[in-house]
Amino acid sequence: MDVTTVLGGDGYASELVAQVRAATEAAAAASRAWMGRGDKNAADRAAVEAMRAVLLDAPFDGTVVIGEGEKDDAPMLANGEKLGAGGLALDIAVDPLDGTRLVAEGLPGSICVIALAPSGTMFVPTNVFYMDKLICGAAGRGVVDIRRSARENVAALAAVLGKGPRELVVVVLDKPRHQELIAELRAAGVEPRLVGEGDISAAVAAASPVGGVDLVLGIGGSPEGIVAACAVGALGGFMQGRLAPQTAGESRDGIGRVLELDDLVASDRVLFVSSAV
């Protein structure tokens, strides 16, 4: 899968897309070798190493601003790491393996992801690893709002889509922190689709007109939120976020501020590429 808004001229963009796609495909192939072997960190490490090797020669002057692994000590492409052989100055957001547990257990659904945008345009949630998110397609713009209750948002979105609440496909991460959200959705007539992992895949599906998901709600990783925002913006979808620290060590700065899509990625010149494992 790739979702693009051209970065640079057509020839340069084609070269850039090809190299970034090669990086996600290399990461997918490397992690696939660990499918079903019960070692999610080894799968993640393989994806990181394969992705880095390809990106070192990519035609850009890139800086990783959204790395992965910091909140769980997984192997990572670290924030501040420089990649590329020269060219446009770009912010890089990566999730070398979104769905490490799925690979470890031999289950489908994991992807390897890279997003690029002009330097200085990606929001960097320093020392806050979690974000509350609301994501849907273009029809939800001006209709739903993260400041409203789940019940209100479900009713409003169902009305504009011409569906009943029971027909809505609403994805929520299956985590203890979402017990109240899940109960509220069920009381509103929605049976949420609970997933163990896959923040980014769910966001892409919700933003796409043919993704089969109407709405994504709840708290997931903030790095994944920035990666997802690149895809949502390129697809023309709607997204809002709020920082939602879950541990004592996370910063409390900026809590309560609603981050619109333009706050998350302040450019419409983005590249998002993912490869399925």
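Small disclaimer: the values here were computed from a predicted structure and weren't measured. Along the sequence shown, residues carry numbers from 1.
Pairs of residues two or more places apart, or lying in two chains, never qualify as side-chain hydrogen bond (donor to acceptor under 3.5 Å, both in side chains) while including a residue from residues 115-127. Pairs passing the salt bridge (charged side-chain N to carboxylate O under 4.0 Å, His left out) check and including a residue from residues 196-211, sequence neighbours excluded, read R101-E197, K133-D199.
Side-chain atoms of R257 never come within 3.5 Å of backbone atoms of L243 as a donor-acceptor pair (strictly under, hydrogens ignored). Not one N or O on the side chain of D91 forms a donor-acceptor pair closer than 3.5 Å with the backbone of A117. Between the E184 side chain and the S149 main chain, no donor and acceptor come within less than 3.5 Å of each other. A side-chain donor-acceptor contact under 3.5 Å links E250 to the backbone of F129.
Taking Ile, Leu, Val, Met, Phe, Trp and Tyr as members and joining any whose side-chain heavy atoms lie under 4.5 Å apart, directly or through other members, the hydrophobic cluster of L107 also contains L102.
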May I have the step-by-step check of side-chain contact (heavy atoms from CB on, under 4.5 Å) for T24 and V113, ending in yes or no?
-> CA-CA 6 Å; T24 62; V113 177; 5.9 Å; no

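Note on V20 and V54: separate hydrophobic clusters, where clusters join Ile, Leu, Val, Met, Phe, Trp and Tyr whose side-chain heavy atoms are under 4.5 Å apart, directly or indirectly.
Under the rule for a side-chain contact (heavy atoms from CB on, under 4.5 Å), R166 has no partner lying at least two apart in sequence or in another chain. Residues satisfying the side-chain hydrogen bond (donor to acceptor under 3.5 Å, both in side chains) criterion with T63, sequence neighbours excluded, are K82. For K175, the side-chain hydrogen bond (donor to acceptor under 3.5 Å, both in side chains) criterion is met by no residue, not counting sequence neighbours.
Ion pairing between R147 and D145 holds under the 4.0 Å rule for side-chain N and carboxylate O.
The one candidate from I146, L134, I255, I219 that meets the side-chain contact (heavy atoms from CB on, under 4.5 Å) condition with R242 is I146.
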